[in-house]
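Taking it in order: structure first as structure tokens, then the write-up.
The basis for the numbers below is simple: all heavy atoms, side chains too, and nothing from hydrogens, waters or symmetry mates. Here is how names work: the chains are called A, B, and so on, in the same order as the sequence lines, proteins then strands, and each is numbered from 1.
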Amino acid sequence: MRVRFCPSPTGTPHVGVMRAALFNWAYARHTGGKLVFRIEDTDAARDSQESMDAIVEGLAWLGIDYDEGPGVGGPHAPYRQSERRDLYADVARRLLAEGYAYESWSTPEEVEERHRAAGRDPKLGYDGFDRDLSAAQVQAFRDEGREPVLRVRMPDEDVEVDDLVRGRVVFPAGSVPDFVVVRANGQPLYTLVNPVDDAVMGITHVLRGEDLLSSTPRQVVLHRALVEMGLSQRVPQFGHLPLVLGEGNRKLSKRDPESDLFLHRERGLLPEGMVNYLALLGWSLAPDRDVFTREELVAAFDVRDIGANPARWDQKKAEAINGDHLRMLAPEVLLDRLLPHLRSAGLLDGDPTPTQRRLLEGAVPLVQTRMGVLSEGPGMLGFLLVADEDLVVEEDALGALRPEAADVLDASAAALVDLPEWDAAAVEAALRSAVVDGLGVKPKFAFGPLRTAVTGRRVSPPLFESLELLGRESSMLRIAALRRQLG
RNA sequence: GCCCUCAUCGUCUAGCGGCCCAGGACACCGCUCUUUCACAGCGGCAGCACGGGUUCGAAUCCCGUUGGGGGCACCA
């Protein structure tokens, strides 16, 4: 069992593409087969090294490892198509010599013109005009200075594909035009290079997006030729994964922000959550469970269980699944994952100081049930990391304060200033007696002003624990500051 | 236009002829817990696109209609 993942390095990693990688990976790991990683960089104009690096980084982030590929090597190296030109040129020559392909001289304009002249739809595609030219005609084109492309001859029978997720698919004879595999300038195209490498690399199962279903008959025809020429053992089995759709019911395109893997990482999706949600798009572990680990995915995965209908990307569900994974993390692991987000929010400069680390270790367990994505961390934890004088009290928190807020703050300050023990329980007891009992304010309203004073927000980690972590000095300063602000 | 494909709650899905007057999850709405927000728990809302067959029996099989998606490059 050999599967492959073969992106072209253009742009930033796309979630649909990474999902295809994930399914291939899961299938390989489930069956004990091999995952081959190959770079389809035959389009020099669009390919970039940055994109290549980004894909490698994305795979690593998701925990998708491969058995062969650039960087790790393997029996079929090199794994970058830009380094395999000789092979393709050789195969192209043989295809031509053995009659599977032919030289084609027509320009697209000429093809259209012929269709029009014959009263056919001009958008029908290539018409097979050059299939059986005489030597004289060929010479005439040569004399004009034309350079031919190489086209593969499609058979006159239907092409059948037994798709692993869709079953039997039949493409009627004549519905797929002869296709170009080598440009006039001699450059091989994806249409050649992809099947050739799959064949030569011994790929047994091709799992890819449904957008490639219509190109499958061409690849099957080419594969058959390769088998007949003795270059390949088999035509691989194909399985076409349902597309991932965006908001407007369209294929998730590179334009859509949800398609960008790294944007999700910045937003704070965990790789565990991402893997889980991606797998859920077209596959399910069990009728009554949709939160699962990478290991459970591998243990249960089978291509045959992939659904055939397109799936819409649902950010809310992705984040809900992510929240569950977030809660499954050990607190110290969550703390580590949070660090980059605290840095990019400007709350941390490099590694946390011992004091900051102590505060975070105390606070992370308190916020773990309060987050869906890591980028919520800075908002939740920021009050612990900023200096007292830099604490910004947010507008909505200020607006929610009721008239008795000043009294509450005064009573609280008085109760806390000489408190013998400074821990959550003692703080709570003191505040309850001073504010709830003393002032007769309902608990629901008693602690809002304090929360605002200390954290600057309406929503925060549990108040008494927060006060304990912050310490008496900071707490008193912040209460006094808000009290002054209230006049 | 041509070819391919898909069709169960708003969304992701379970269901592969009787176990289904359709199960789970997200979202949404209540309630409980509660110092806020969450988490957790409980409850609610909501679906087999339509029409024909086949069958004792259909969400499940077949045909058609409608609707959605994808593809039709000297891109990948």
Side-chain angles (χ1 to χ4, degrees), chain A residues 6-10 17 40-43 45-47 104 107-108 120-126 147-151 161 163 165-166 169-172 174-177 179-191 193-194 209-217 240 242-243 245 249-251 277 280-291 305 307-321 323-324 327 366-372 376 380 397 400 428 431-432 435-436 442-448 450-452 455 457-466:
Chain A
C6 48
S8 63
T10 60
V17 170
E40 310 233 321
D41 53 346
T42 52
D43 186 357
R46 300 198 311 166
D47 300 330
S104 172
T107 66
R120 293 185 298 253
D121 180 352
K123 292 169 68 184
L124 236 34
Y126 181 67
E147 294 288 342
V149 298
L150 190 69
R151 281 186 195 274
V161 180
D163 192 276
V165 345
R166 277 149 229 280
V169 181
V170 180
F171 297 84
S175 67
V176 184
F179 58 102
V180 177
V181 290
V182 180
R183 282 175 165 160
N185 67 8
Q187 286 224 321
L189 259 20
Y190 160 84
T191 46
V193 145
N194 178 276
E210 191 195 342
D211 49 341
L212 294 168
L213 183 55
S214 346
S215 70
T216 308
H240 288 91
L243 254 22
L245 271 28
N249 250 17
R250 291 252 153 225
K251 176 168 85 158
Y277 182 66
L280 238 27
L281 259 20
W283 184 81
S284 69
L285 179 82
D288 56 353
R289 267 190 73 199
D290 45 8
V291 176
D305 296 331
N309 42 339
R312 239 164 305 293
W313 179 273
D314 182 345
Q315 188 67 29
K316 286 233 181 83
K317 178 133 183 177
E319 292 186 8
I321 296 280
D324 283 322
R327 261 154 246 133
L366 303 176
V367 300
Q368 189 157 17
T369 59
R370 273 158 248 266
M371 289 191 295
E376 292 170 273
M380 285 277 163
E428 175 172 7
L431 289 173
R432 278 194 190 281
V435 182
V436 179
K442 286 198 171 81
K444 193 169 167 51
F445 304 115
F447 305 118
L450 274 167
R451 182 185 309 284
T452 299
T455 68
R457 309 176 92 223
R458 291 180 65 181
V459 175
S460 80
L463 178 61
F464 310 121
E465 285 80 354
S466 297

Separation of the C1' atoms in C16(B) and A59(B), to the nearest angstrom: 11 Å
Candidates A76(B), C3(B), G24(B) - which lies nearest the side chain of Glu40(A): A76(B)
Nucleotide U5(B), atom C1' - distance to NE2 of His240(A) in whole Å: 11 Å
Spacing of the C1' atoms in A49(B) and U8(B) (rounded, Å): 10 Å
Which residues share a side chain to side chain donor-acceptor pair (under 3.5 Å) with Thr455(A), sequence neighbours left out: none
Touch class at under 4.0 angstrom, heavy-atom based, for Gly282(A) against every strand present: sugar-phosphate
Counter-base of G64(B), judged by Watson-Crick or G-U geometry with both distances under 3.5 Å: C50(B)
Crowding at CZ, Arg327(A) (>12 non-hydrogen neighbours, <6.0 Å): yes
Sequence-aligned protein contact record of nucleotides 67-75 of chain B, with B where the base is within under 4.0 Å of a protein heavy atom and S where only the sugar-phosphate is: -SBBS--BB
Any strand: nucleotide that pairs with C19(B) via Watson-Crick or wobble, under 3.5 Å: none
Nearest-angstrom distance, P atom, C28(B) to A22(B): 25 Å
Selected nucleotide, minimal atom distance to Ala320(A) side chain, candidates C4(B), A27(B), C6(B): A27(B)
Check: A27(B) base within 3.5 Å donor-acceptor of Lys316(A) side chain: no
Contact nearer the 5' end of RNA chain B, comparing Asn309(A) with Asp288(A): Asn309(A)
Footprint string (nucleotides 34-43 of chain B, 5' to 3'): B base within contact, S backbone only, - free, heavy atoms under 4.0 Å: -BBBBS----
